[in-house]
Structure formats: structure tokens, C-alpha cells
Amino acid sequence: MRSFTYERPLEASGAIAAAAGVGAKFISGGTNLLDLMRLEIECPTHLVDISRLPFNVIEPSPEGGLRIGAQVSNSALAADMTVRTRYAVLSQAVVAGASGQLRNKASVGGNLLQRTRCPYFYDTSAACNKRAPGMGCDALGGFNRNHAILGASEYCIATNPSDMAVALAALDAVVELLGDHGVVRRVPLLDFHRLPGDTPHIETNIAPGEMITAVILPPPPPGGQRYRKVRDRASYEFALVSVAAIVAAEGGTITAARVALGGVAHKPWRSADAERALVDRPATMATFREAADAALSQARGRGQNDFKIELARRTICRTLEQAAHAAP
Ligand code: SF4
């Protein structure tokens, strides 16, 4: 690990000012950043610890939703009674991520900024456009069992590792950012993360020096909510495929639906095609299969990850069925 300086401001304005210098970086829980620093994939010269800033509250928003401070731990978020009862899909997704110890330490803001777990990104002897733009991508012809089947490019086929972000995508969450001179910006979660294109090293639309201060949830949509994650082992493992589904039905007919996928793309993948295939249709497995086919019509495997297309299809169907029968 390279040497760095460290400070822990107690006010947001001080943190923004401290992070303005070249080589500075925010740190909160550090559950991903410290690993990256040990491997010298990230080499900040100055760390600005924002974990003590007063952004650790979950409170009702004026619009009838919820405002979640960026420094709220993943554990506190999952355990919050309002989240568990009104935004069950979010609580389920957070609990499905990482381990208990990591969830105690990891912050909501940090969860959104965690880097991919593509093994070539962490192997400094491998070619990786995300770590070193222009170097190439060893995953294209290499070990790509966990890689993207949607929205990938010839520059990068990595996936976003967050479970929380998939549920937030289904809930139409908004990310609140604070920048220089106290400027506040609100970015829909669906626009916060980027597809790789030819710049996979730019993963979000956060501007230099901006800090996440909160995630804002609108009032929950109607219907039952369910998050389902399929992975190689039952705990402490990233998703091969995950699905966040919210389904409302009346008299056996679907009146509203949300479908978001994780483990399949460079960003949380909300499927408008699947949602269109569900609304005003009977809440049957035949409809769920049509929705899954719509969600995956553009899916493309790279060899070892071909199985994820069928896995995603089955996971979408099962999760939609569970959401349709879940208590709203
Ligand atoms: Fe790097 Fe992306 Fe290729 Fe992985 S898939 S090696 S992160 S460029």
C-alpha cells in the first residue's frame, strides 16, 4: 500500500473542501476501497473520512417517502422497520449482500460506489480497460462466468456487484449529491450508474468532488415486493443473477409491475420491456415467462456465462410469482 494522509472532517463543507485536491478521495466504511488500496489499484494520496458526517438518519421525506442518509450502515438500513414493512424489497436485497460484519461497516453511499468484482480488475498483471484504459479486456476471451449478458461492450463486460442498487432501481430511488459551494444535485438511481461503452473506467455520473449525502425513496409503489438472489453459495457471495420485482394485481390481472435485474450488467438493469409485458395481463406463469423473454431479448453470453440467460429467465419468473403473491 502506498502512503497517504488522512483527515476526518465533521462538517460536509469541510469534507468537500478537503477532497478538492488532486489525489484526494472520500472514505466511509472502506470495505471495498481498502482492498483496492492494498492492491494498489486505487492509490489516493489523501483520504477524507466522511463516516462521522451527520448523514446517518433514516427519516420520512416531505413527499411521503423516505430519506436515507448516505452514512447509514447497510445493517441499519435493512433492520429499519419502515424499510422492512414499506420497502421490503430493499431490506431483502441488503440482507442478501456481503456478510453481517461487512453490512455493519458498509455505508449506503459506499454501496453505490463499490467497484466491480471482475477478477481481472483485481489482477494487476491482467489487461483491464477499467483499471487501465486502452489496455484491453482479458475477460472477453477468459474466465467470464460471472460477467454481463446485457448492456456490455467490447471494452468491458463486468457487472455491478451491488444488491442494494437493484432494489433501489425498482423503487425509483434518487441519489442526492452535494458539490462545491453547497450545490445539491439529485440524480435518479437509474441514471447514476453508467454502461461501459468505450469508457468503462467511468462508472457513475457523480462529478469530481461531489459526495453522496442521501438516497431518497418515493412513496412505495402498489403491490407485493420480492428480491431473489442466485449465487454460488448461500452467503458472502455476489449474484450470478438477482431480481427485484414489485407486482400489483386485481382480480387476477396485473395492474402495475417493476422488474430490475442484478448480476447481469454494468449497472442495475431495470427492464421496461418486461414491465410492459406484464401490465393488463393475467398474473400467470405464462405471462411471467413472456416478461422474462422480453427482459432478455437482447441478452448475449460470452461462452462461460451463457447459462446466465436461462438462469435469469427462471429467476425472473419465480420472483414475479412470489411478488404477485406477497402481501403489499
Ligand atoms: Fe476489466 Fe471490465 Fe474487462 Fe473485467 S470485464 S477485465 S473489469 S475491462
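Atoms within a ligand are numbered from 1 in the order they appear, just like the ligands themselves.
- Note on Glu154 versus Arg302: salt bridge recorded, some NZ/NE/NH1/NH2 to OD/OE distance being below 4.0 Å.
- Close approach to Tyr120 involves these atoms of ligand 1, each under 4.0 Å from a residue heavy atom: 6 (S).
- Annotation for Ile246 and Pro222: closest pair CG2-O, 3.6 Å, computed over non-hydrogen atoms.
- Side chain to side chain, Asp49 and Ser51 meet the donor-acceptor criterion of an N or O pair below 3.5 Å.
- Of the residues listed (Arg103, Lys229, Arg231), the one engaging Asp163 in a salt bridge (charged side-chain N to carboxylate O under 4.0 Å, His left out) is Lys229, and it is the only one.
- The protein non-hydrogen atom at the shortest distance from atom 1 (Fe) of ligand 1 is Cys128 SG, 2.3 Å.
- The backbone and the side chain of Ala158 each have at least one atom closer than 4.0 Å to an atom of ligand 1 (non-hydrogen atoms only).
- Counting atoms of ligand 1 from 1 in the listed order, those under 4.0 Å from a heavy atom of Tyr155 are 8 (S).
- Side-chain polar atoms of His46 and Glu7 form a donor-acceptor pair below 3.5 angstrom.
- Nearest protein heavy-atom neighbour of atom 4 (Fe) of ligand 1: Cys118 SG, 2.3 Å.
- The shortest contact between atom 5 (S) of ligand 1 and any protein heavy atom is with Ile157 N, 3.3 Å.
- Among the backbone and side-chain atoms of Cys137, no N/O/S atom is found under 2.8 Å from atom 2 (Fe) of ligand 1.
- With 3.5 Å as the limit, one finds no donor-acceptor pair spanning the side chains of Ser73 and Asn104.
- The protein heavy-atom contact nearest to atom 2 (Fe) of ligand 1 is Cys156 SG, 2.4 Å.
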